[in-house]
Amino acid sequence: MSVSSVAIIGGGISGFSCARELRAGGFTGELTIIDPEGLPYDRPPLSKELLTGEFSTDDTLLAPASWYEDNNVEIRTDRADRIEPDTGRIVLESGAELTPDAIVLAVGGRARRLSIPGGDLAEIVTLRTKDDALALKEKLTAGTRVAIIGAGLIGAEVASTAVTNGCEVTLIDPAPVPLVPAVGHEIAEVLHAMHAERGITCFTGLPTQIRAEGGTLAIDLDGAHDTEGPHLIEADLVLVAIGIDTYSPLAASAELEQEGGILVDAGGRTSNEKIWAIGDVARLRNEDGSLARRHEHWESAANDGKAAAASILGQDPPTFGSSWFWSDRHGVHVEGIGSMTEPGHTVIREKDGKPQLAFRIDDDGKVIGAVAIDGGMAVRAARRIIDRGKIVDPADLANPDIDLKKLAR
Ligand SMILES: Cc1cc2nc3c(=O)[nH]c(=O)nc-3n(C[C@H](O)[C@H](O)[C@H](O)COP(=O)(O)OP(=O)(O)OC[C@H]3O[C@@H](n4cnc5c(N)ncnc54)[C@H](O)[C@@H]3O)c2cc1C
């Protein structure tokens, strides 16, 4: 199929990366990015620098407006409402229509809401867009009682900023030590302990109901399992940070196969030969038919954009190594690579008597995952070890006097 026009629906990092790589790869045809939010911007700063005030909204842009002019990429500030499966015609919210040769769905996910009584109260906020972040920033003022439901990456980052701003913060999660699947038990414990050290109240439990009473939101908690504490939490502001929903009505209109994401091959191709899907909304179907775990991380979304661009240009998609992510909270920088949950065992490297680096070793002795607190260089070295399949002596990994870069050579 020769492609002379591409419409990318969604201007997050995956959509932007796809546009950039198409142009870098020599694509000279019509290239359009459709997004109701206008110029593509980056999401990680929404729970970090934009919330703390270190960044303006312009600082979150993935490229200045001039980049789109220079690269002849049209930005349509509009929402795609539906795609006709047979013709590939895209119908926009404004009523406009376009029928490009190739469509890339880069629509991300929607912040998941609580399906409990009161879970849909307008006063309960989520954090996925720039507008969400700007509205939240206004509310994180000294003395505000903030309850955050979900102590994963985003919940913890917001908790950190809120407490810095002088808010009274309560963090609620069903897991006594959240984030274990992402960073492993040992590092998760260190990170979780920082909340209490900074004056955040942590509860283990599930909210069962939220009521708006005057200006206050009352959260009923089930269990508070292993925690002594009230089963009712009152707050001025409730943020729900419990992940994303990836079901895409747009993909459904195009009759694409979806199962916990839009199913794609390694080049981002969906079940419709004119349509690709990338980023948080896409889920890889391996060649043997098994479905891969989705990575809701920035780098893997950017890589998806590169892979789809190659596939549209008729090239073999590049191969990428292990999935990488980062997070910033309480003045520390966390990075992780690969998997901390696969069968095997964990080796710890300590600093000042606390785990600072964790390595996951599989049953064949290979390093398959690593996480570090303030150890970006170590994670880069671990990435090389993992991607090369190197076997490294666990005693060397645990020894803080041994330079990981040397082990990675
Ligand atoms: C607050 C926050 C902090 C994060 N921090 C980190 C971090 O520190 N490290 C990390 O690795 N990852 C982080 N992530 C995850 C990372 O940002 C995502 O994995 C990444 O943004 C996914 O990119 P995407 O292009 O798939 O989707 P998105 O970035 O969600 O972009 C999707 C775009 O599609 C548009 N869209 C949706 N529907 C339509 C439609 N019908 N028509 C047209 N446009 C549409 C949306 O407006 C949106 O702009 C964070 C995410 C959030 C929300």
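We number each residue from 1, following the sequence as shown. Counting starts at 1 for both ligands and their atoms, in listed order.
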Please state which protein non-hydrogen atom is closest to [atom] and give its distance, to 0.1 Å?
atom                    : answer
atom 3 (C) of ligand 1  : S47 OG, 3.2 Å
atom 41 (N) of ligand 1 : A80 O, 3.0 Å
atom 23 (O) of ligand 1 : I13 CG2, 3.4 Å
atom 16 (C) of ligand 1 : W298 N, 3.9 Å
atom 9 (N) of ligand 1  : W326 O, 3.0 Å
atom 33 (C) of ligand 1 : D35 OD2, 3.5 Å
atom 14 (N) of ligand 1 : P44 CG, 4.2 Å
atom 32 (C) of ligand 1 : A106 O, 3.3 Å

Between [X] and ligand 1, which part of the residue brings a heavy atom under 4.0 Å of the ligand: side chain, backbone, both or neither?
X    : value
K48  : side chain
D280 : both
E37  : side chain

Identified side-chain contact (heavy atoms from CB on, under 4.5 Å) counterpart of E299 within the set W326, F325, F320, W324: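 Single side-chain contact (heavy atoms from CB on, under 4.5 Å) partner of E299 among W326, F325, F320, W324: W324.
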Any nitrogen or oxygen of [X], side chain or backbone, less than 3.5 Å from one on ligand 1?
X    : value
D78  : no
W324 : no
A301 : no
R43  : yes
S14  : yes

Between [X] (side chain only) and [Y] (backbone N and O only), is there a donor and an acceptor less than 3.5 Å apart?
X    : Y    : value
S5   : D101 : yes
R283 : Q258 : no
T161 : T52  : no
R360 : E342 : yes
S253 : I83  : yes

Residue-ligand contact I9/ligand 1, heavy atom below 4.0 Å: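 In this structure, I9 qualifies as a contact of ligand 1 - some heavy atom is under 4.0 Å.
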If we ignore angles and hydrogens, is there a donor and acceptor under 3.5 Å between the side chains of [X] and [Y]?
X    : Y    : value
N165 : T141 : no
S300 : N303 : no
T126 : R110 : no
S290 : D288 : yes

Using 4.0 Å as the upper bound for N to carboxylate O, is an ion pair formed by [Y] and [X]?
X    : Y    : value
K48  : E157 : yes
R113 : D245 : no
D280 : R43  : no
E97  : R89  : yes

I need the atoms of ligand 1 closer than 4.0 Å to a non-hydrogen atom of [X], numbered in the order shown.
X    : value
G12  : 25 (O), 29 (O), 31 (O), 33 (C)
I34  : 43 (C), 44 (N)
F325 : 11 (O)
G108 : 26 (O), 27 (O), 30 (O), 32 (C)
P36  : 43 (C), 44 (N), 45 (C)
G10  : 33 (C), 34 (O), 35 (C), 44 (N)

Shortest reach to atom 51 (C) of ligand 1 by a heavy atom, considering only I154, D328, I83: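 Shortest heavy-atom distance from atom 51 (C) of ligand 1: I154.
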message: For atom 38 (N) of ligand 1, which of the options I90, T77, L46, V107 provides the nearest non-hydrogen atom?
response: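 Among I90, T77, L46, V107, the closest heavy atom to atom 38 (N) of ligand 1 comes from V107.
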- request: Anything under 30° is parallel, anything over 60° is perpendicular, the rest tilted; go ahead and classify H295 against H297.
  value: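 Geometry flag for H297 against H295: parallel rings.
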